[in-house]
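Both ligands and their constituent atoms are indexed starting at 1 by order of listing.
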Amino acid sequence: MPFWRQFTLALILAPIGVGMAVLIPLLLGRIVDGPIADGDAAGIAWFSLLILGAGAVDAGVNLLRRWVMTRTTSALEANVRLDLFDKLQALQLGFHKRWESGQLLSRIMTDLGLLRRFMAFGLLLLVMNTVHIVVVVSIMVGMHRALGLTVLLSVLPVVAATTHLVRRFGLVSRQVQDRTGDVASVAEESLHGVRVIRSFGRVPYSFQGFDRRSVRLRDAGVDRMRIASVLWPLLEVFPSLLLVLVLGGSAVAAANGLLTLGEVVSFVTLLLSLAWPVGSLGFLLSFMREAQTAADRVCEVFDAPITIESGERRIQDPRGAVSLRDVSFRFDDATEPTLSGLDLDIAPGETIALVGGTGSGKSTVVSLIPRLQDVTGGAVLLDGVDVRDLDLVQLRSLVATAFEDPILFSMSARENLTLGRPDATDRDIDEALRIASAGFVHDLPWGLDTRLGEQGLSLSGGQRQRLALARAILVRPKVLVLDDTLSALDIHTEAEVEAALKSALKGVTGLVVAHRASTVLLADRVAMLVAGRIAHVGTHHDLLATVPEYRELLSADYSIEPELAEEEAR
Ligand SMILES: Nc1ncnc2c1ncn2[C@@H]1O[C@H](COP(=O)(O)OP(=O)(O)O)[C@@H](O)[C@H]1O
Ligand SMILES: [Mg+2]
C-alpha cells in the first residue's frame, strides 16, 4: 500500500527534524561556554553558521514531510471512501433499513475527512512530539540529574490528568459524531419529504424535530469543548510553570559551580523547545480520540456482514425457468413469517401475474428472485439451480426488475436507462423506449441527454415508471420482474404500454405483480397470494369463475365490471 511507504518516508524524515530541534540548544550552550567565553569572533561566526544550517535543514525536512503526507492522505481518503461506497452497495436491504441514511452519509463525509486530516498531520505530529519530549527530557536528565528528574516528575501528574481528560473527550466525541448523523438524517428525510410535510401543514412539527436534534448536537459539542478548554490550557501553561522552576534551579546550580553558563543556556533552551510539543499534545490527543471514534464508526460499516454473497455457478444456456420451492421468508425483526410454504413454477417464456391484497407479500416474493433478500427457508431456483449458488452478476443480468416507485438518479436519461447495460446502443435504447411507451424521452429538452433525478428535470410518476420499465427491458433479461410497475399510468398510456409489454414479455419469463384486470389479462396464468402462500393458480377466467376472493380482489377495478357481470350472468 503506497500510503504506508510514504508514511514511512515521513517517519524517517521526522527524527531528522527532532534531531535539529535538539541540536540547536546544545550548540547554543557550546557557543556560550566556548567562543563567547574566549572572545573568539571566528568561532562565534562558525557556530552561528552551524546553527543557521541546522535551522535550514529542520525547515526543509518539515516542508518535505508535509508535502509527502498531504499528497498521499488525500488519495487515501478517496480510496477508503470508494471502498465504503462499494460496501454500502453490496450490503443487503436489511442493513439499509436498519441504518439511517444520515448516519451513513456522515460516516462517508465527516468521519472520513476527519480521518484524513488526522493521518495527514495529526498522527505524525503526535509521534514526533512524543519522541521530541522523550529525547529532550532524557538529555536533560543526562545533563543534570536532579534538575532533569524534577522536570520528569512534574510531568507525571500532567500526563495522568491528560489521559483522564482525553478519555472523557473520546466518549463525548462519539456522541457528537453520532448526533451529527442524526441531524443529517432528519435534514435528509425532511428535504426528501418536503412536499408531504408542507401539504399536511407540518412544517413547524418537522422544524421542531430538527431543532431538538440540533440542540442535542450543540450540547454535545459544547460538552466536548468544555473538556478541551480544560485540557488545552493545562498543557500550554505547564511548560511556562516548568520554566520558572528550571530557571530557579539552574541558577542555584550554576552559582554552586554544578552547571556552566553554557549548560544553563542549553538547559533552558531545551525546555523552551518543549513548549510547542507539550502544548500541542492536548489538541493532538483529542484529535486522536476523535479520529479513533471516526475510525470505529467507519469500521462498523465495513464490519457489517454481507449475507448475500455471490455463488460460483454459472448457467451455460439460460432458459429462464423459475421455481419457488417451499419458500418461507421472515423479516429479521418480525415474529411471524411473511411467506411460508410457498410453491410456484414458472415455465420459460411464461408470464405469471401475481395478485393479492395489500401486504400479502407480493413485493417480498418478487425480491427473492434477483436476491435482493434471501429466503429463510426453501429455495428459489433458476433453471434448476439454487439462486444462492449462482454468480450474482450473472443472476442479476438474467433477472431484471422494475419497481413501483422507480428511482431515477441525477444523471442523464441515457445513463439512467443503461444502468443495467452500459454498452447499450442508441438503437437498443430506442427499441426499449418504444416497448415501454416511453417515447416522451425524445421530446425532453435535450432528448436522451436531459438530466433527470434530484438535480434535474422532474418527471411524473407515470413517466418515471415507464422509464423504469424501459430500463428493465433494456437489460434483455431472461426473467422480467415487474412489481406494480404500471400502477401510476393513466388508462390511455396504460393501454399503450400494455400492448407493447405484451410483445416485450414474449420470449421472456415474466412475473408481474398486478392490480388491474387489464394487466392480469397479459398473463398466461394468475397466482393468487393469500396469507403468505399461493392459494390459487389458474387462468384469469378459471379464477374468476371459481374463486370468489379473486373476484372481490379485482372488483375494485372498474375495468372488470362488464366482465364480472358477464361471468355472473352465466
Ligand atoms: N422491512 C420489513 N420488516 C418487517 N416487515 C416488513 C418489511 N417489509 C415488509 N414487511 C411486511 O411484510 C408483509 C408483506 O409486505 P409486501 O411484500 O411489501 O406486501 P405487498 O407488496 O403484497 O403489498 C407486510 O405485512 C409488511 O408489513
Ligand atoms: Mg408491494
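- A cation-pi contact, defined as under 6.0 Å to the ring centre and within 45° of the axis, links R202 to Y205.
- Ring geometry for F329 versus F331: interplanar angle over 60°, hence perpendicular rather than tilted (30 to 60°).
- Ionic pairing of D333 and R98 is not present here: no N-O contact between side-chain nitrogen and carboxylate oxygen is shorter than 4.0 angstrom.
- Annotation: side chain of R533 is not in contact with side chain of L339 (no heavy-atom distance under 4.5 Å).
- In this structure S363 satisfies the side chain to side chain donor-acceptor pair (under 3.5 Å) test together with D483, sequence neighbours excluded.
- Between R297 and D111, at least one side-chain nitrogen of the basic residue sits less than 4.0 Å from a carboxylate oxygen of the acidic one, meeting the salt-bridge criterion.
- The set of protein atoms (N, O or S) found at less than 2.8 Å from the Mg ion (ligand 2) reads S363 OG, by chain and number.
- Taking the charged nitrogens against the carboxylate oxygens, K506 and E350 have no contact shorter than 4.0 Å, which rules out a salt bridge.
- Taking 4.0 Å as the cut-off between side-chain N and carboxylate O, R427 and E431 do not count as a salt-bridged pair.
- Protein residues lining ligand 1, listed by chain and number: K97, F331, D333, T338, G357, T358, G359, S360, G361, K362, S363, T364 [non-hydrogen atoms, distance under 4.0 Å].
- Scanning for side chain to side chain donor-acceptor pair (under 3.5 Å) contacts around D386 gives R388, with sequence neighbours left out.
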